[in-house]
Amino acid sequence: MRVWQFSGSVGLAFGLALVSMLPVGAEELDNGRSSMGSEEARSSPLPALSELDSPAATVTDWVAQIEASLVQITNVRLEETESGLQVILETAEGELAVSETRTIGNALIADIPNAAIAEEFSQENPIEGIALVSVTSLPGDRVRVAITGTDAPPVAEVTAEAQGLVLMVTLGDADAVVEEDAIQVVVTGEQDEGYNPSSATTATRTDTPLRDIPQSIQVVPRQVLEDRNVRTPIESVETVSGVVYNGGFASAPQGSVIIRGFQQGQQFRNGFRDADRAGLTGIGTVEQVEVLRGPTSVLFGAVEPGGIINVITRQPLSEPYYNITLEAGNRAFFQPSLDLSGPLTADETLLYRFIASFQNSDSFQEFATSYTTTVAPSLTFNFGDNTNLDLYYEYIDYFGNPPEDYSFLFSDGAEPPRDFYLGYPDFSYRVLTTQKFGYSFNHEFSDSWQIRNNVAVAITDAETTFANPSELVDGRFLVLDASDRDFTVDNYFGQIDLLGEFDTGAISHQLLIGFDYNYREDTFSIFTASVPNLDIFDPNYDIPRPNDFAPAFSDANFITTYGVFLQDQISLLANLKLLIGGRVDWISQRTEVRGSDTQEQDDSAFSPRIGLVYQPSDTIALYTSYSRSFLPTFGLNADGEAFEPTRGTQYEAGAKVDFLDGRLSATLAAYEITRSNITTPDPDNRDFSIQVGEQRSRGIEFDVGGEVLPGWNIIASYAHTNAEVTED
């Protein structure tokens with residue numbers, strides 16, 4: 001599908017994994033003109049050909065030229081003075097340009113061009129009156145110095161020294177007029193890390209640097225989602241190694257995946273159990289997607305051992321943000337959307353965000369048309385500096401009228417025309433509606449301890465009517481049976497946990513203790529009816545909806561889960577980190593099938609994880625880990641004994657490496673997962689099963705992403721997965 005995207009101004013969007021973006025300096029936007037528009041630029045003579053540098057002929061030459069032209073900041077020092085604070089930027093060689101300063105709110109900002117920093121710097125409350133000093137990288141080979149005052153923006157005099165730059169900072173006047181015009185241009189805050197994010201929350205339920213996590217995890221940030229112009233969360237992970245699509249409803253924003261050889265239909269939202277493969281998720285509400293590979297039961301309970309996909313949603317902002325987009329393309333594609341955010345009160349104690357979109361498109365299949373509507377408001381209440389409450393609601397509705405559907409193959413392997421519609425469009429339709437709502441509450445007792453409480457509800461209702469082919473008669477007549485299927489999935493999740501930091505001698509700990517509750521209710525029913533056969537060479541689609549749909553099957557499942565978990569992130573040394581944790585789950589299920597007896601079953605399981613990270617340098621992290629997962633298997637064997645949960649066991653080792661001063665990062669992982677207690681037909685009684693099956697998946701994965709050259713970002717991945725049945 002070709003898509004044209006308009007966002008405030010006319011533009012053409014291409015979805016490529018290798019993206020070129022020309023960096024534009026904030027100072028150019030502030031002035032409202034390009035640098036070549038100045039009188040000085042127009043009057044400057046053109047250089048002679050001999051004065052120009054030779055162009056780079058290879059990528060190595062490009063990188064060398066870029067690194068040679070950038071002044072490297074090797075260290076940042078803060079020194080208290082009688083009048084305030086001295087910020088010293090040290091360099092090994094080269095001179096930093098003296099930058100003009102400006103104020104945004106209570107922050108003094110200085111952007112230094114043609115510079116890079118080896119390790120970003122941040123220090124809170126260095127002196128009274130200064131809340132924060134940070135030195136960070138910006139796109140376009142710039143370094144930003146931000147000095148935030150407690151009550152007013154500070155004032156600084158910038159001078160160049162032999163080996164660096166010095167900012168002499170004095171406290172500002174709280175009654176001074178603050179320049180606000182630059183806020184709309186320079187305060188983006190959403191794309192600073194570009195294609196190479198540095199931390200994630202999925203692996204530990206804390207904001208942890210990726211290099212400190214002893215497990216393979218990949219983050220797909222918002223910048224990648226926008227550049228690739230993905231339509232669904234499933235599309236967003238196409239560039240992650242070891243993850244492949246496992247089916248869903250065509251053109252609907254949902255589905256399941258296979259990770260490391262194992263199906264994973266469960267979805268997660270902000271780290272909490274969400275809808276299953278039938279539930280919908282609008283991509284417009286997604287800030288980033290995190291893929292944690294390997295067993296994850298230690299934090300998330302009953303899941304398959306391959307890994308999980310966790311969607312991180314967009315949150316209300318403290319600065320005004322307005323984005324209105326219109327996209328149009330072939331196949332009648334049309335999608336207006338808006339994203340509005342900002343404070344509702346002057347003191348920023350109440351923030352809001354409102355995201356909405358509507359998508360219309362037809363299909364390569366004849367007749368097929370779909371509509372998707374998303375509405376997602378959210379609020380954040382800031383009750384002081386230590387307490388906040390986030391409320392959210394999300395409504396996603398998909399309507400296929402008729403939807404894209406399946407096709408068939410002839411006995412000789414030939415295919416019908418690509419646009420052939422298998423069914424009767426006048427009564428074929430699919431309606432999926434998901435509503436999500438809940439809250440997240442966080443309170444900090446101190447700088448070291450906090451408590452968190454979360455409630456997440458996802459309710460999905462679905463109805464689909466279509467015609468199923470059963471056989472082909474005389475090489476041209478398809479025998480069809482009409483099927484009307486209704487199902488619901490209601491999921492209620494609640495969690496409370498305590499997070500604290502403390503030291504035992506020279507060893508530091510980050511402790512997580514938590515309890516969660518999950519209740520899930522599924523219902524499913526099928527109604528069938530007879531319809532005329534379809535002549536595939538001369539189809540007559542003028543067939544009305546049958547009036548004699550009869551009940552064929554129905555069931556209902558009720559699952560209740562309680563889980564208690566404990567995790568400790570231990571820094572044994574500055575470059576040696578240990579992660580250890582365990583979880584106990586108790587699960588009960590009741591199944592009601594029409595015409596059969598009600599079945600009930602209780603299970604429990606313990607899921608451990610232990611991992612070690614060794615960092616021989618600032619750019620290399622080596623890790624190894626062991627983890628287990630479980631998933632209940634409901635049913636009885638021939639002796640009337642309940643099945644044990646299936647168990648997943650993984651051994652993993654890998655390396656995480658940063659290149660080009662942290663602009664490019666790569667992960668290499670090798671693993672073995674064994675899944676046991678799998679049911680297989682009982683050879684002595686084919687009406688029952690026994691648990692003797694075993695599956696094993698071995699493989700290696702490689703992922704790399706980031707900025708290889710200014711404005712050039714890359715994503716590359718490779719996976720070799722060897723999954724097989726080892727016992728049956």
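Numbering of residues begins at 1 and proceeds along the displayed sequence. Just so you know, these numbers come straight off a predicted model, no measurement behind them.
Contact annotation: the side chain of Val220 approaches that of Leu225 to within less than 4.5 Å [non-hydrogen atoms, C-beta and beyond]. The side-chain heavy atoms of Arg520 and Phe493, taken from C-beta on, include no pair separated by under 4.5 Å. Side chains of Val243 and Val257 form a contact here, defined as non-hydrogen atoms less than 4.5 Å apart.
Of the N and O atoms on the side chains of Arg609 and Gln215, at least one donor lies less than 3.5 Å from an acceptor on the other residue. Side-chain contact check for Thr488 and Asp461: no donor-acceptor pair (N or O, by modelled atom type) lies under 3.5 Å. Checking Ser448 against Ser446 by side-chain atom types alone, no donor-acceptor pair falls below 3.5 Å. For the 3.5 Å distance criterion, the side chains of Ser216 and Arg293 qualify, holding a donor opposite an acceptor. Using modelled atom types, one finds a donor on one side chain and an acceptor on the other under 3.5 Å when comparing Gln650 with Arg260. Side-chain contact, Tyr519 with Glu521: a donor N or O sits under 3.5 Å from an acceptor N or O. Using modelled atom types and a 3.5 Å distance limit, the side chains of Gln288 and Glu290 yield a donor-acceptor pair. Under the 3.5 Å distance criterion, with hydrogens and angles disregarded, no donor-acceptor pair is assigned to the side chains of Thr136 and Glu120. For the residue pair Thr204 and Gln567, no side-chain donor N or O sits within less than 3.5 Å of a side-chain acceptor on the partner. Gln263 and Asn246 are linked by a side-chain donor-acceptor pair at a separation below 3.5 angstrom, with hydrogens and angles left out of the test.
Here the two rings, on Phe445 and His443, have centers that are under 6.0 Å apart. Annotation: Tyr718 is not in aromatic contact with Phe702 [ring centroid separation under 6.0 Å not met].
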Stepwise, does the side chain to side chain donor-acceptor pair (under 3.5 Å) test hold for Asn518 with Asn491?
CA-CA 7 Å; Asn518 187 212; Asn491 191 79; 3.2 Å; yes
Side chain to side chain donor-acceptor pair (under 3.5 Å) between Ser717 and Glu701, worked out:
CA-CA 7 Å; Ser717 63; Glu701 297 164 342; over 6 Å; no
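Between Tyr651 and Tyr626, the ring planes are tilted. Angles from 30° to 60° get that label.
Here the side chain of Ser341 pairs a donor or acceptor atom with the backbone of Tyr352 at under 3.5 angstrom.
A salt bridge is absent between Arg696 and Glu694; no separation between the charged side-chain nitrogens and carboxylate oxygens falls under 4.0 Å. In this structure, Arg222 does not pair ionically with Glu287, as no charged nitrogen and carboxylate oxygen lie closer than 4.0 Å.
Counting heavy atoms of neighbouring residues, nucleotides and ligands inside a 6.0 Å radius, atom CD of Glu124 does not exceed 12 of them.
Applying the ring-ring contact (aromatic ring centres under 6.0 Å, His included) test to Phe606 and every residue at least two apart in sequence or in another chain returns nothing.
Under the salt bridge (Lys or Arg N to Asp or Glu O under 4.0 Å) test applied with Arg698, the options Glu672, Glu652, Glu724 reduce to a single match, Glu672.
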